[in-house]
Participant: 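Shown below is the structure under consideration.
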Amino acid sequence: MRTLDGVGSTTRSGVGEARWYRPEADLTLPDRPAPESVDVDAELDRYEAARDAVREALREARDRTAERVGEEEAAVFEAHEGFLDDPTIVEDVEAAIGDGTPAAHAVADRFDEAVAQFEGMEGRMAERADDLRDVRDRLLRALLGAEGDGPAGAADLAAFPDGTILLAERLTPSDTAALDPDAVAGIATVEGGRTSHAAIIARSLAIPAVVGVGADLESVADGETVLVDGEAGTVVVDPDAERRAAVREAGPEAIRERVETTDGLRVEVAANVGGEAELAPAAERGADGVGLFRTEFLFVDREAPPSEAEQYEAVTAALSAFPDDRVVVRTLDVGGDKPVPYLDLPDEPNPFLGGRGIRLSLDEHAALFETQLRALLRAAATEDGDGLAVMFPLVTRVEEVERAVDAVESVAADLANEGVDHAVPQLGAMVETPAATFLADALADRLDFLSVGTNDLAQYVMAADRGNDAVADYHDPLHPAVLRALDRTTAAVEETDAWVGMCGEMAGDPALTELLVGLGFDELSMSAVTVPDVKRRVRGVDAAAAASLASDALACETRREVLEVLGLDDRAA
């Protein structure tokens, strides 16, 4: 038995049989011909056709990942499309082809240069080199006629036998998204970091993973028994029977019942859902209902908005999937990074600070909002409708809440006049901005609940676009400023009859469960695959000790100090 050290990127462990994945063999370039022998026009056409094919494949990958994993994780493929169409890269590749370089060689040369530039940077920027590799490899695969429209060996990736520990030099986001979490018991890579997109997708799929093990991983042979400990950040080769048994006994079985801390504090653990296809998997994993039902999926990939009937059917399907639990539906949240072409949204210089969320619903698209409210109020009157809750996104002013509540009451009056069965569900607001945290007490006085969206809250508190890799290190929910915003919100709600939840990525990190319980969250909502792990963590938390831990974290002045308090020093890099 020998132990190799790396960086744990999940909080789970798995044991199984090692299998190496080496996609590089599919991407060997032919010898470079003399420039005068290259048919420039034909190579330009081949490059353009490859870009079109990859663009389509990226959009399909995005949709598959959104359905299997979640919308947040799927957004990486939108960033990949940006690399594919980056004007400087495209111009350089076309110029190289014009000088007599075959398309495949021109792509490899230009992307390798960009990869090297990213790898020369620090922190999360260096980890984005894998995103460039992903796009490069897709283009080369298309140009070289390799099999499949996804990552090299995509069919093999999805068909590993149960109990596989996947070993690789590195994994791209496409590679990771293609994995079957029921078959792959763990991942270990030579290269890679905890905040790479591949690692984030692995966490969302609840696959144990250790990255950045180094060259020592190459000593592991196919067929050896390997234990991947994503919490300790270790890879154990040929573990003894006791260690293998311990991992297998602590498997990811769903916990169907609601969970409490050791001293009796109940915490709901719900799922974020982006479409009807995600409902059954969430229920199977033991989710206590839906903490975020994104209605945007009803509005995208079509040429006109959904009808009242379509929206009613989608919401009642969610209620039927969780008849004894709460289903929190977010009203239409578009704008910013979520364009919908047929809505003719303005092309704003800074869309994240422009017309999005509730602002659009109350003004430019009030009729759309009314249709959605009609569907929601009708759904609230169905057999399972008692569990419906509705929340408004990107609230920054009390007036917005008052106008939204007035709109609900107006729709209720219209339905009553029409003799249509309806009911007014619980109403709440998303806390995603500093303004909402400062107004949390006033918002909670007017509503039944608040739900913190940590992805946007971190973005706005830290003035760091969450899609901009140049400021990725600033976009951090464990920064003391963000933690204090969370604490301000939960403390304000304590003095009211409202409850408070969290539906950002932070909620699904089991290593942070004790902190969030200590901060006073009543509900945590996350990607369904992490529900069992978080439920298991809640059961092991002492609420009084958690409150003390949260107090210590809130006293910190730097992120590094927070990590030390939480015992997460390995994330400091």
Side-chain angles (χ1 to χ4, degrees), residues 22-62 75-122 124-154 168-175 177 190-192 196-198 467-470 472:
R22 304 184 188 276
E24 303 85 6
D26 292 342
L27 299 177
T28 302
L29 295 179
D31 292 339
R32 193 180 299 244
E36 60 271 16
S37 69
V38 172
D39 184 335
V40 170
D41 290 337
E43 290 300 300
L44 286 170
D45 288 344
R46 291 182 66 237
Y47 173 53
E48 192 58 37
R51 287 179 62 219
D52 289 342
V54 170
R55 188 179 298 105
E56 182 179 352
L58 285 171
R59 291 173 182 175
E60 290 175 357
R62 185 227 170 275
V76 62
F77 294 106
E78 296 171 6
H80 286 195
E81 193 171 343
F83 284 135
L84 179 70
D85 294 327
D86 183 291
T88 60
I89 292 178
V90 172
E91 288 169 8
D92 287 351
V93 171
E94 290 178 342
I97 295 172
D99 290 338
T101 302
H105 291 83
V107 165
D109 292 346
R110 182 61 183 89
F111 274 86
D112 287 349
E113 177 186 338
V115 166
Q117 290 174 340
F118 271 76
E119 287 184 328
M121 301 178 187
E122 296 182 353
R124 299 183 189 182
M125 287 295 284
E127 294 174 358
R128 298 304 178 254
D130 284 342
D131 297 313
L132 280 161
R133 288 190 183 91
D134 204 331
V135 178
R136 176 199 64 193
D137 292 353
R138 284 181 179 273
L139 281 168
L140 290 178
R141 212 165 295 119
L143 288 165
L144 297 173
E147 294 292 325
D149 64 353
E169 180 179 354
R170 58 170 50 86
L171 289 176
T172 66
S174 291
D175 293 332
V190 175
E191 306 287 348
S196 69
H197 285 133
N468 184 344
D469 286 336

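Here, residue 1 is the first one in the sequence, and each next residue gets the next number. Note that the structure is predicted; figures quoted are calculated from it, not measured.
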Participant: Of the non-hydrogen atoms in Asp175 and Arg170, which two are nearest, and what is the gap between them?
Facilitator: OD2-O, 4.5 Å
Participant: Does any N or O in the side chain of Asp134 come within less than 3.5 Å of the main-chain N or O of Ser174, such that one atom is a donor and the other an acceptor?
Facilitator: yes
Participant: Can you name the ring pair (Phe, Tyr, Trp, His ring centres under 6.0 Å) partners of Phe77, sequence neighbours left out?
Facilitator: His80
Participant: Identify every side-chain donor-acceptor pair in residues 33-40 under 3.5 Å, counting partners at least two apart or on other chains, and give the distances.
Facilitator:
from  : atom 1 : to    : atom 2 : distance (Å)
Ser37 : OG     : Ala34 : O      : 2.7
Asp39 : OD1    : Asp41 : N      : 3.4
Asp39 : OD1    : Ala42 : N      : 3.2

Participant: What is the minimum heavy-atom distance between Thr101 and Ala106, and which atoms define it?
Facilitator: CG2-N, 3.5 Å
Participant: Could you check whether any side-chain heavy atom of Leu132 comes within less than 4.5 Å of a side-chain heavy atom of Arg136, counting everything from C-beta outward?
Facilitator: no
Participant: Side-chain contact test, heavy atoms from C-beta onward, threshold under 4.5 Å: evaluate it for Leu140 versus Phe111 and give yes or no.
Facilitator: no
Participant: Please assess Asp45 against Glu48 for the test side chain to side chain contact (heavy atoms under 4.5 Å, CB included), listing each intermediate value before the final yes or no.
Facilitator: CA-CA 5 Å; Asp45 288 344; Glu48 192 58 37; 5.7 Å; no
Participant: To the nearest 0.5 Å, what is the distance between CG on Leu29 and NE2 on His105?
Facilitator: 4.5 Å
Participant: About how many Å separate CD of Glu119 and CZ of Arg133, when rounded to the nearest 0.5 Å?
Facilitator: 4.0 Å
Participant: Tell me the closest heavy-atom pair linking Ala103 and Arg46, and the distance in Å.
Facilitator: CB-NH1, 4.3 Å
Participant: Strictly by salt bridge (charged side-chain N to carboxylate O under 4.0 Å, His left out), give each pair with a member in residues 82-95 just once, sequence neighbours left out.
Facilitator: Arg51-Asp85, Arg55-Asp85, Asp92-Arg110
Participant: What distance separates Arg138 CZ from Leu143 CG, expressed to the nearest 0.5 Å?
Facilitator: 14.0 Å
Participant: Taking all heavy atoms of Thr28 and all of Leu144, pick out the closest pair and write down the distance.
Facilitator: O-CD1, 4.1 Å
Participant: Find the distance between CD (Glu78) and CG (Leu58) and round it off to the nearest 0.5 Å.
Facilitator: 10.5 Å
Participant: Is any side-chain heavy atom of Tyr47 closer than 4.5 Å to one of Val90?
Facilitator: yes
